[in-house]
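Model, not experiment: these values are computed from the prediction. Computation of the quantities below employed the complete heavy-atom set of this structure, encompassing side-chain atoms and omitting hydrogens, waters and symmetry-equivalent molecules. Labels below follow one simple rule: chain letters A, B, ... track the order of the sequence lines, proteins then strands, and each chain is numbered from 1.
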Amino acid sequence: MAKYANIIIDISHEKLDKTFQYRIPPEIKDEITEGMQVIVPFGNRTIKGYVIELTDKAEFDTAKLKDIKAVDNNAMQIESQFIALAAWMRKNYGGTMNQALKTVIPIKEKAKEKKSRLVRLVLPFNEAASLLEELKRKHRTARARLLEALLEETVLSYDVITKKLHITADVIKAMMQQGVITVEEVRTYRNPVRTQEKGAYTLTLNAMQQKVVDAVIENARTEKKPCLIHGVTGSGKTEVYMELIAEAAGRGKQSIVLIPEIALTYQTVMRFYHRFGDRVSIMNSKLSPGERSDQFERAKKGEIDVMIGPRSALFTPFSNLGYIIIDEEHEGTYKSETIPRYHARETAIERARMSGATVILGSATPSIESFYHAKKGDYLLLSMDKRVKEKPLPQCEIVDLREELKARNFSILSRSLHKKIEQRLLRKEQVMLFINRRGMAGFVSCRACGHVMKCPHCDVSLHAHNNGKLICHYCGYEQNHVKICPNCGSKYISGFKAGTQKIEELVKKEFPKARILRMDFDTTRSKDSYEKILSAFANQEADILIGTQMIVKGHDFPNVTLVGVLAADLSLYVSDYHAAERTFQLLTQAAGRAGRGEKPGEVIIQTYNPEHYSVICAKNQDYNQFYEEEIFYRQAMRYPPVWHMLVVLCASKEEAEAYACAKELADTMEKVQADKKLQMIGPADAAVAKVNDIYKKVLYFKHPDYGVLIQIKDKVEQLMEEKQGVKNISVQFDFDPVNGF
DNA sequence: AGCACGCCGACT
DNA sequence: GTCGGCGTGCTC
């Protein structure tokens, strides 16, 4: 049992956000856990603190260590629950406790907000003036400075006084006791969305929806397993969520709804407002830190029942949590890209476990990982396979681009797609052209047969480098660039290069009269441009919308009757084991955009890979078939979720040092870890091998047991700490990578 | 954050 | 001398 406890004294203050170590008296050692509130002596006073870590290693002069006084058993409060959650995150995703705490408790902002208290001069002007004279005479410089400033401006913010006038809190306190000034705290909550009248809510669920609701409620009463709702687009998942939230609210419980930032449209928000009125709060990236902490504060006080927002909304301090709903759970944005690289799904499940809540995952195309858990029985699988309005699925055609080349059509649009666009333009209907931009990073493929250059060891595509070599980012394998296709001998082998801009030009050339809108990272850079472009298109100010993934989400365009996917297979060749999954999800979503109105829709998928299961299954809208094929591949290649994967990133200004560090870790692990099942790959360059002159090397570990990988992470952390000498190297971890380093 | 400690000008 | 305010640094 651990001898010492690292304790944080006050979470809300930057200057004290380090840990202090205390001895654990033997009589309470069985009670102490991470996150627990304890009473400790601190200086000459006694205060409460939170246990952050239990350890056997003394990090401080043992002679000076004090004993923990007592355990504070005043129920488990949200703070201590969050500390325990942060501890869990640190353990599972690496990094320091402080990094974990900062993601979980954004309380710093709140403290800042508190500091923006106002100091007001309450003494009449002439009295204050004579007091000022007296103070000056007595050389009480600090007080004089403060009073002088207040005579200029009767109300000043606390911040300005302490930081700019260099006046300490004691002085302000003393002046307050003298009755010269008052300190007021401004506490105005700003609701980011205008308050809406709660409408009369009359919607009744259909039988399928009601069945799902009943099953979730029953499960929440008993097993509290995470639930995965596999519901096709248009099956009415949002109504199910709202019904569950209302049910939880009826029992005095609050809910969190996580959505990918991009899907947080006005439409969605309004639906929640209509049903729950101002018991709903929204969080998004445009909120200022102050507004954000206001929202959290409201949640803490029990003024709201529902919080809707992106990943970070998971840390809303509700004290009596009912449901955590994760919509579009397959989305990559749920994985954090900064330390700790946590996954919102896993973290939500842990938070739910701690607080007795239930996690609900929803998607039309569930992540392979979630579906795998559902099939294993870890999650409760519920499916909604019918659309509410029974609209037929759009007609879907796959066009083999290799045939186009054979027919000497070198255009980016196949003959079939060209003809169909022409038709829509005549009929005054709208077209969406979707270009798959993931994987534009330079894989090499044959335009005659569709063959893609792949790594013989990793089954991911090779990356073309400027030095004329093809490189694998998983294992570092490299070979010379090829001039002729090793599969069919054609000389049409090259990197596929076509950005949205280029495509816009080409389409314009082919359809000079069509009005074209383009949506990509360039055109959506400014603030509201995203909504603007979409609403322009919705108002039929254009005939064709060309864009990347961002056009396939959210918004319904009833007049769109044709969706063209220009190169469906581009995303198949990203050097990432999620390639097929992403492709399937994108194609399914893109196809779902067609025929949302009265008129039936049509979808054309252009690809060099018409036989690939992700393409075929998307055409048939057959998720189950896709899952079976994909899980077989994951199993065979020992990728997650069947096995687990740990990426260790070594970064340094010196390339040689980064490599040496990775190599050293690899060699040590080889010796230390006797487990035969453990697979180690690398070191290799990271996908982006150099950023801001910092070189990045990666090392991969694979093992069926997550716990073994955590042990490796711990070992690496330990090794790095031991030789924390002159070396300027940083090491990061990523488990079951989603977005890569 | 809060508190002690040490420094320094002012006043009996 | 000593009283009291101000700045600094420490708290396991």
Can a side-chain donor-acceptor contact be found between A:Gln21 and A:Tyr4 if the only test is distance below 3.5 angstrom?
no
Give the rounded distance in Å between these two atoms: CD1 of A:Ile9 and P of B:dA1.
15 Å
Could you state the atom-to-atom distance from CD of A:Glu134 to C1' of C:dG5 in whole Å?
14 Å
Does the side chain of A:Arg45 get closer than 4.0 angstrom to OP1 or OP2 of B:dG2 through an N or O atom?
no
Looking across every strand, which nucleic acid part, if any, lies under 4.0 Å from A:Val171 by heavy atom: base, sugar-phosphate, or nothing?
sugar-phosphate
Quickly work out the A:Gln21 CD to C:dT11 P distance and round it to whole Å.
14 Å
Which residue in the set A:Trp88, A:Phe733, A:Phe315 passes ring-ring contact (aromatic ring centres under 6.0 Å, His included) when paired with A:Tyr342?
A:Phe315
Rounded to whole Å, CD1 of A:Ile8 lies from P of C:dC12 at a distance of 15 Å
With sequence neighbours left out, the residues meeting side chain to side chain contact (heavy atoms under 4.5 Å, CB included) with A:Ala348 are A:Leu314, A:Ile324, A:Ile326, A:Val359
Counting just side-chain N and O atoms, does A:Asn44 come under 4.0 Å of either OP1 or OP2 of B:dA4?
yes
Verify the stacking flag for A:Phe20 against C:dC12: centroid separation must be under 5.5 angstrom and the ring planes must differ by under 30 degrees.
no
Please tell me if A:His139 has a side-chain N or O lying less than 4.0 Å from either OP1 or OP2 of B:dA10.
yes
Length of the line joining A:Leu147:CG and C:dC6:P, which is rounded to integer Å
13 Å
Among A:Val698, A:Ile712, A:Val731, side-chain contact (heavy atoms from CB on, under 4.5 Å) partner for A:Val648:
A:Val731
Would you indicate what A:Tyr22 reaches in the nucleic acid, counting non-hydrogen atoms under 4.0 angstrom: base, sugar-phosphate, or nothing?
sugar-phosphate
Rounded to whole Å, CD1 of A:Ile52 lies from P of C:dC12 at a distance of 16 Å
Taken to the nearest whole Å, OH/A:Tyr50 to P/C:dC12 is 19 Å
How many whole angstroms separate atom NZ of A:Lys138 from atom P of C:dG5?
9 Å
Counting just side-chain N and O atoms, does A:Lys66 come under 4.0 Å of either OP1 or OP2 of C:dC12?
yes
Under 4.0 Å: is that the gap between some side-chain N or O of A:Arg145 and OP1 or OP2 of C:dG7?
yes
State, without any angle test, whether A:Ser319 and A:Lys300 hold a side-chain donor-acceptor pair at a distance under 3.5 Å.
no
